[in-house]
Number of protein chains: 2
Amino acid sequence: MEETEKKEQGGRKTGMNGEQCQSLLKWLGETSLFAGMPDAHLQELCGIAMVVSYKRRALIFSAGDPGSGFYLVMEGRVKVYMISSDGKEQILHILGPGEPFGEAPVFAGRSFPAHAVALDDCRLVFLPREAFVELVTANPSLALNLLAVLSQRLRQFAKMVDSLSLKEVPGRLAAHLLYLSAKQADKDVLELDLSKTQLASLLGTIPETLSRILSKLQRAGYIRIAGAKVTIVDRERLEELAEVGRF
Amino acid sequence: MEETEKKEQGGRKTGMNGEQCQSLLKWLGETSLFAGMPDAHLQELCGIAMVVSYKRRALIFSAGDPGSGFYLVMEGRVKVYMISSDGKEQILHILGPGEPFGEAPVFAGRSFPAHAVALDDCRLVFLPREAFVELVTANPSLALNLLAVLSQRLRQFAKMVDSLSLKEVPGRLAAHLLYLSAKQADKDVLELDLSKTQLASLLGTIPETLSRILSKLQRAGYIRIAGAKVTIVDRERLEELAEVGRF
DNA sequence: GGTTATCTTTGACTTAAGTCAACCGGGACT
DNA sequence: AGTCCCGGTTGACTTAAGTCAAAGATAACC
């Protein structure tokens, strides 16, 4: 195994032999961002891509850092967040395998607007800006995929602003539980994929408040809580709550 | 003057003769979205574009409406906003001449996530989705411009989430005043371009609260208020306030 | 120009959610 | 096993900001 290792930003960049490049190529092609791209272009992409590893809790970038490219999650989860001057954090996204992050500075602004850390031990693909922009220029369908991703994210943000400004915490929580429910197999038994502290930060509140509201919802018979497992008892009312935003 | 008028969505679509098309073409070319595009493509664009007029307060689209295309502001201002079930509104953007809006459904989701109304009597350019997507496919540099616009907007949203979640109203207000200051000629005397009620909605609060905080800031010697004119007295402290987010 | 309607300000009150502090319980490590 | 530490929960308290109501100030309209 010929591996070149370089320390940089706390991540370990890993060089590739032909075989590894092949598997990376295959993986990239399955990614929603690059789905449907001709192999020739994927090949080029592989040429500029770097696989980087980050350990759990490692900082990937900070707000204000110059963004010389963006990332794609291969393994693990990444948290993108903002911090207030007194240390409170607001999570903007949690990203899992296949999802890109840090794209904004590639096309506008040149620096990251937020921070990113690894929530688990992670493997990421790093795509340097210049090479990537060239590729986009040469390949309009790639641009369309990207536009779709950014548009989707814009929608999420709009929802988030709506939620933060127009709903109380119980409403946001209800909406989040239903969101989890919608994307899981067992529709009624949810496994919280984040610690409650992190969930609080995602919902724009603090652990104490989240804790209180979870028990309030349990007492009211909307849900049942058992550690990180939440069971939806009364979906109707939960939907109503997510809708009106107030308990 | 040969004008074809059609009522639709409360807007008046206006057909064009050759001369009008020429001026539209020129205008489009000066827009940041289409800057640098070859005339041939602008010509095509003109072919699919429609100029639409909306009177002040007219609804342009509602959340959930199928988005068959997007808009570009020629004259006037447009407000894009969300409404809670009990009627409180949160403004997402205020758009002026040259700025596009309603692009999200073109590339993802197919329906508008928010509402839009005309704040003034407006003239807008409407670009239908299908024709536009074709054009983007044919013209990668157009895609890059679009990516820049969406990325920029993503940044704005991130800031907004940060602001709503991590700052108190005084902090948000201070940040907004400094933002206005940065984009005006006379750096210290600001003309509020929105009614205070609308400004409250943009800052994620209500008129009463905004009013109180404006006078609080005046009393504290940060600013001076005279109707819609706000003078920055102590920029240093205002910056500090915008930074820490709390008074 | 005067009447209406809308916007703005101010006051008294309520409330959701944050702060501070104590405590519990389960790993992890020695 | 025992200690330490971190995550979660609970209680008492504070506070920013929302609600309700009324009165002034602007701006709009006939």
Side-chain angles (χ1 to χ4, degrees), chain A residues 56-57 79 83-91 119 163-174 191-220 223-230 241 244-247, chain B residues 55-57 79 83-91 117 119-121 163-174 191-220 223-230 241 244-247:
Chain A
R56 180 175 155 82
R57 280 164 208 252
K79 163 174 92 174
I83 294 253
S84 74
S85 57
D86 60 333
K88 196 188 163 192
E89 95 172 15
Q90 167 70 50
I91 296 180
L119 278 186
S163 204
L164 282 172
S165 165
L166 269 22
K167 290 178 184 162
E168 299 177 351
V169 181
R172 289 178 233 161
L173 173 57
E191 197 67 34
L192 296 183
D193 41 350
L194 292 171
S195 78
K196 289 181 186 169
T197 301
Q198 291 295 291
L199 178 56
S201 164
L202 183 62
L203 297 179
T205 186
I206 55 172
E208 292 97 317
T209 300
L210 176 61
S211 179
R212 284 186 244 271
I213 286 170
L214 276 169
S215 26
K216 206 157 141 193
L217 288 185
Q218 175 163 246
R219 256 178 285 132
I223 58 176
R224 267 197 62 61
I225 314 163
K229 207 177 65 192
V230 175
L241 176 54
V244 305
R246 40 183 50 205
F247 193 57
Chain B
K55 289 225 200 73
R56 181 174 153 84
R57 276 162 210 253
K79 162 174 92 174
I83 294 252
S84 74
S85 56
D86 59 334
K88 195 188 163 193
E89 96 174 14
Q90 167 70 49
I91 296 180
V117 302
L119 278 186
D120 313 302
D121 290 348
S163 203
L164 283 171
S165 165
L166 269 22
K167 290 178 183 161
E168 299 178 350
V169 180
R172 290 178 232 160
L173 174 57
E191 196 67 35
L192 297 182
D193 41 351
L194 291 171
S195 79
K196 290 182 184 165
T197 301
Q198 292 294 291
L199 178 57
S201 165
L202 182 62
L203 297 180
T205 186
I206 56 173
E208 291 96 318
T209 299
L210 176 62
S211 179
R212 283 187 244 270
I213 287 171
L214 276 169
S215 24
K216 208 157 141 193
L217 288 185
Q218 174 163 246
R219 257 178 286 132
I223 59 177
R224 268 198 60 63
I225 313 162
K229 207 176 64 192
V230 175
L241 176 54
V244 305
R246 41 184 49 205
F247 193 58

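These values consider heavy atoms only, across backbone and side chains, with no hydrogens, waters or symmetry-generated copies. Every chain is numbered from 1, with letters handed out A, B, ... down the list of sequences.
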Nearest heavy-atom contact between B:E89 and B:I83 is CB-CD1, 3.9 Å
Is a donor on one side and an acceptor on the other found under 3.5 Å between the side chain of [X] and the backbone of [Y]?
X      : Y      : result
B:D121 : B:K55  : no
A:S215 : A:S211 : yes
B:K229 : B:R224 : no

One would report the end-axis bend of the helix from C:dG1-D:dC30 to C:dT30-D:dA1, five pairs per end and rounded to 10 degrees, as 40°
Got a second to check how far [X]'s [atom1] is from [Y]'s [atom2], nearest 0.5 Å?
X      : Y      : atom1 : atom2 : result
B:S165 : A:K88  : OG    : NZ    : 4.5 Å
B:K79  : B:R57  : NZ    : CZ    : 8.5 Å
B:L194 : B:I91  : CG    : CD1   : 6.0 Å
B:R172 : B:I213 : CZ    : CD1   : 8.5 Å

Exercise. Quick one: does A:L214's side chain get under 4.5 Å of A:I223's, heavy atoms only?
Worked result: yes
Protein-nucleotide distance ([X], atom [atom1]; [N], atom [atom2]), rounded to Å:
X      : N      : atom1 : atom2 : answer
B:R57  : C:dC7  : CZ    : C1'   : 11 Å
A:L199 : D:dG7  : CG    : P     : 14 Å
B:K88  : C:dA16 : NZ    : C1'   : 12 Å
A:I206 : D:dT14 : CD1   : P     : 16 Å
A:R246 : C:dT15 : CZ    : P     : 11 Å
A:R172 : C:dA16 : CZ    : P     : 13 Å
A:R219 : D:dT9  : CZ    : P     : 12 Å
A:K216 : D:dG8  : NZ    : C1'   : 18 Å

Quick note, A:V169 side chain, CB onward, closest among C:dA17, D:dT19, D:dA17 is C:dA17
Considering only heavy side-chain atoms of B:E168, the closest of C:dT19, D:dG18, D:dA16 is D:dA16
Scoring nucleotides 8-13 of chain C by protein non-hydrogen atoms under 4.0 Å (B base, S sugar-phosphate only, - none) yields SBBBB-
